Amino acid sequence: MTTRSCPCGLPQAYEACCGRYHRGPAAAPTAEALMRSRYTAFVKGEVGYLTRTWHPRTRPARLELDPGMRWTGLEILATKDGSAFHTTGTVEFRASFRGGSLHEVSRFERVDGAWVYVDGDFPD
């Protein structure tokens, strides 16, 4: 077990942070936690987790990750709703990668009690 902090930017080790969601059966309790775990899934190449946490209405039929992509950091810029008391939420973030960054406002909904990614807009 590694003692390095989780790629999502929180200080816990991967296994105690996003890794527990990737392995299941624990589910991310908030939209922000799901956003962080999905970013980490991109870093780790966890296609199955990304597919499972994508809304059935917007999920692509096939998901292939670029093996050359190197994600280098996640910054949460804003969150709206997305707690245990909500059914929807948004998370604005900037995900850095070697050579640039991705700025997105992501929308999340609960499906059967679990948070899932719906879609997002790119503000800049």
Side-chain angles (χ1 to χ4, degrees):
M1 184 164 156
T2 181
T3 57
R4 290 181 45 206
S5 61
C6 190
C8 80
L10 295 177
Q12 297 98 326
Y14 166 74
E15 291 299 325
C17 193
C18 294
R20 63 190 165 136
Y21 305 134
H22 294 172
R23 286 189 316 275
T30 65
E32 180 180 334
L34 181 63
M35 172 60 240
R36 288 180 179 280
S37 70
R38 285 178 56 83
Y39 168 81
T40 299
F42 276 100
V43 171
K44 299 275 191 181
E46 294 281 346
V47 174
Y49 181 77
L50 291 166
T51 302
R52 282 193 312 277
T53 58
W54 210 309
H55 197 292
R57 181 176 77 236
T58 57
R59 180 187 307 137
R62 186 175 172 153
L63 180 63
E64 291 185 33
L65 302 181
D66 177 354
M69 178 64 96
R70 295 293 174 252
W71 296 99
T72 58
L74 176 66
E75 180 184 6
I76 302 297
L77 303 173
T79 60
K80 181 172 187 261
D81 299 334
S83 77
F85 303 103
H86 301 105
T87 56
T88 62
T90 61
V91 178
E92 181 178 2
F93 68 92
R94 180 169 289 109
S96 300
F97 54 88
R98 192 178 302 148
S101 67
L102 169 73
H103 182 192
E104 182 174 323
V105 178
S106 297
R107 283 180 284 281
F108 298 88
E109 290 180 12
R110 283 186 184 268
V111 172
D112 297 328
W115 286 106
V116 292
Y117 170 78
V118 178
D119 60 15
D121 293 321
F122 305 101
D124 51 41

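Fair warning: this is a prediction, and the values are worked out from it, not measured in the lab. Computation of the quantities below employed the complete heavy-atom set of this structure, encompassing side-chain atoms and omitting hydrogens, waters and symmetry-equivalent molecules.
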Among all residues two or more places apart in sequence or in another chain, which pass the side chain to side chain contact (heavy atoms under 4.5 Å, CB included) test with K44?
->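 Only P7, Y14, T40, E46 meet the side chain to side chain contact (heavy atoms under 4.5 Å, CB included) criterion with K44.
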With sequence neighbours excluded, residues passing side chain to side chain contact (heavy atoms under 4.5 Å, CB included) with T87 =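 Counting only residues at least two positions away or on another chain, T87 forms no side chain to side chain contact (heavy atoms under 4.5 Å, CB included).
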Count I, L, V, M, F, W, Y as connected when their side-chain heavy atoms are under 4.5 Å apart, and connections chain through other members. Are [X] and [Y] then in the same cluster?
X	Y	value
Y21	F108	yes
M35	F97	yes
V47	V116	no
L102	V118	no

For [X], salt bridge (charged side-chain N to carboxylate O under 4.0 Å, His left out) partners two or more places apart:
X	answer
E104	none
R36	E32
R57	E109
R23	E15

ring-ring contact (aromatic ring centres under 6.0 Å, His included) pairs, two or more places apart, involving residues 43-70 |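 As it turns out, the ring-ring contact (aromatic ring centres under 6.0 Å, His included) pairs with a partner in residues 43-70, which skip direct neighbours, are H22-Y49, W54-Y117.
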Measure across R110 and H86 and return the closest heavy-atom pair with its distance rounded to 0.1 Å.
->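 Result for this residue pair: NE-O, 3.0 Å.
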Compare every heavy atom of C8 with every heavy atom of C17, then report the nearest pair and how far apart it is.
->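 So the minimum-distance heavy-atom pair works out to SG-SG, 3.7 Å.
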Output, in order, the C-alpha distance, side-chain angles, deciding distance and verdict of side chain to side chain contact (heavy atoms under 4.5 Å, CB included) for T88 and R107.
-> CA-CA 7 Å; T88 62; R107 283 180 284 281; over 6 Å; no
Could you tabulate the donor-acceptor pairs under 3.5 Å formed by side-chain atoms of residues 68-78, not counting sequence neighbours?
unit_1	atom_1	unit_2	atom_2	d
R70	NH1	P67	O	3.0
T72	OG1	S96	O	3.3

Inter-residue atom distance W115.CH2 - S83.OG, 0.5 Å rounding |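 Answer for the CH2-OG pair, W115 versus S83, is 7.0 Å.
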Distance, nearest 0.5 Å, that separates CZ of F42 from CG of L65 |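 Going from the CZ atom of F42 to the CG atom of L65 covers 6.0 Å.
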Residues clustering with V105 (ILVMFWY side chains joined when closer than 4.5 Å, directly or via others) =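 Same cluster as V105: nobody, lone residue.
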Just jot down the side-chain hydrogen bond (donor to acceptor under 3.5 Å, both in side chains) partners of R98, sequence neighbours excluded, or say none.
->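 By the side-chain hydrogen bond (donor to acceptor under 3.5 Å, both in side chains) rule, R98 matches no residue at all.
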